[in-house]
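Lettering follows sequence order; numbering is per chain, from 1.
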Amino acid sequence: MNHWLFKSEPDTFGIDDLAAQPRRSTHWDGVRNFQARNMMRDDMKRGDLGFFYHSSCAEPGIVGIVKVVRGGYPDHTAFDSASKYFDADSDPSDPRWYMVDVRLMRKFDRPVDLQTLRRHADGKLKDMLVLRKGNRLSITPVTPGEWKFILSLVRE
DNA sequence: GCCAACGTTGGC
DNA sequence: GCCAACGTTGGC
């Protein structure tokens, strides 16, 4: 089983939006970056777990845990000219973009904020991609060691 | 709002 | 295939 980190801007779609969905589940659409696409299409499997990360906001950080309930499949919003994620170059017979379905498993009472993560940027989290300067990937892999360590930082 | 960092595009 | 320009991301 793999672990991941899903970035989202809470002003657009935050963890409370996910909690409000039917069955606390949604498709993770709109990823328009090839590296992230490849990971979703090729490596993300049903049963994988991921951190839900809030970015571009007052308190960036990890706010909860999601489970991948459906592995990579074509992102239909790319075919929808009314969607803000429309991509005329994505051919339905050869889809360019992929998405997965996720379900909210847990919302932390207190987020593990970016400051806290950074405190370990020279230690247990030294290779954590989301802490790397200039990182812009909205989907990043998380190692089992990072996963376990970050869980130990969660305070209920 | 600023700025650094990066991915993508497009001209050559 | 190179690389400058551009647009976007994301923390502050």
Side-chain angles (χ1 to χ4, degrees), chain A residues 2-21 26-44 48-66 68 71-102 104 106-143 145-147 149-155:
Chain A
N2 291 317
H3 297 93
W4 307 95
L5 183 142
F6 294 82
K7 260 191 228 171
S8 189
E9 300 183 20
D11 290 346
T12 305
F13 189 86
I15 195 162
D16 291 329
D17 297 305
L18 180 55
Q21 298 298 308
T26 193
H27 30 246
W28 200 265
D29 59 14
V31 173
R32 295 293 180 266
N33 168 284
F34 289 106
Q35 261 182 281
R37 187 281 308 268
N38 292 347
M39 287 188 275
M40 287 201 298
R41 186 189 59 188
D42 304 333
D43 302 326
M44 210 177 274
D48 286 357
L49 295 174
F51 290 127
F52 194 115
Y53 179 92
H54 279 173
S55 67
S56 294
C57 58
E59 291 179 5
I62 295 170
V63 293
I65 293 174
V66 297
V68 175
Y73 64 105
D75 181 343
H76 55 74
T77 63
F79 312 133
D80 176 4
S81 60
S83 168
K84 64 175 170 172
Y85 299 125
F86 177 64
D87 180 357
D89 293 334
S90 186
D91 176 352
S93 68
D94 182 21
R96 172 183 278 199
W97 304 114
Y98 280 69
M99 60 186 181
V100 299
D101 290 353
V102 299
L104 181 62
R106 182 173 170 195
K107 179 186 170 182
F108 300 151
D109 290 339
R110 279 188 268 179
V112 180
D113 60 24
L114 184 59
Q115 279 186 318
T116 303
L117 294 172
R118 282 207 194 289
R119 221 167 281 140
H120 302 280
D122 293 326
K124 299 258 190 185
L125 302 181
K126 68 175 163 47
D127 297 321
M128 187 123 186
L129 292 172
V130 80
L131 300 180
R132 198 168 289 175
K133 196 173 182 182
N135 166 68
R136 293 164 42 185
L137 273 183
S138 61
I139 305 280
T140 48
V142 172
T143 69
E146 290 163 350
W147 182 267
F149 180 71
I150 290 169
L151 284 184
S152 79
L153 299 175
V154 177
R155 298 168 189 288

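What separates CZ of A:Arg118 from P of C:dG11 is a distance of 7 Å, to the nearest Å. Going from atom CG of A:Asn135 over to atom P of B:dC3 covers 22 Å, rounded to whole Å. Rounded to a whole Å, the CG atom of A:Asn38 is 13 Å from the P atom of B:dG7. The distance from atom CZ of A:Phe6 to atom P of C:dT9 is 18 Å, rounded to the nearest whole Å. Protein atom CG of A:Leu137 is 16 Å distant from nucleotide atom P of B:dA5, rounded to whole Å. Whole-Å rounding puts the A:Lys7 NZ to B:dG7 P distance at 11 Å. Atom C1' of nucleotide B:dT9 and atom CZ of A:Arg32 are separated by 17 Å, given to the nearest angstrom. Spacing between atom CG of A:Leu129 and atom P of B:dG7 amounts to 12 Å, rounded to whole angstrom units.
In the set B:dG7, C:dG10, C:dG11, the nucleotide with an atom closest to the side chain of A:Glu9 is C:dG10. The A:Lys133 side chain lies nearest to B:dA4 when the options are C:dG11, B:dT8, B:dA4. For A:Phe34, taking side-chain heavy atoms from C-beta onward, the closest of the listed nucleotides C:dG11, B:dG7, B:dT8 is B:dT8.
Between C:dT9 and A:Tyr53, no contact under 4.0 Å exists linking OP1 or OP2 to a side-chain N or O.
Donor-acceptor pairing under 3.5 Å is recorded for the side chains of A:Asp113 and A:Thr116.
By the 30° and 60° cut-offs, the orientation of the rings of A:Phe51 relative to A:Trp147 is parallel.
Partner A:Phe52 forms a ring-ring contact (aromatic ring centres under 6.0 Å, His included) with one of A:Trp4, A:Trp28, A:Phe108, A:Phe6 and no other, that one being A:Trp28.
At the heavy-atom level, A:Ser56 lies under 4.0 Å from base atoms of the strands shown.
Ion pairing between a basic and an acidic side chain is recognised when a charged N comes within 4.0 Å of a carboxylate O; A:Asp75 and A:Arg32 show such pairing.
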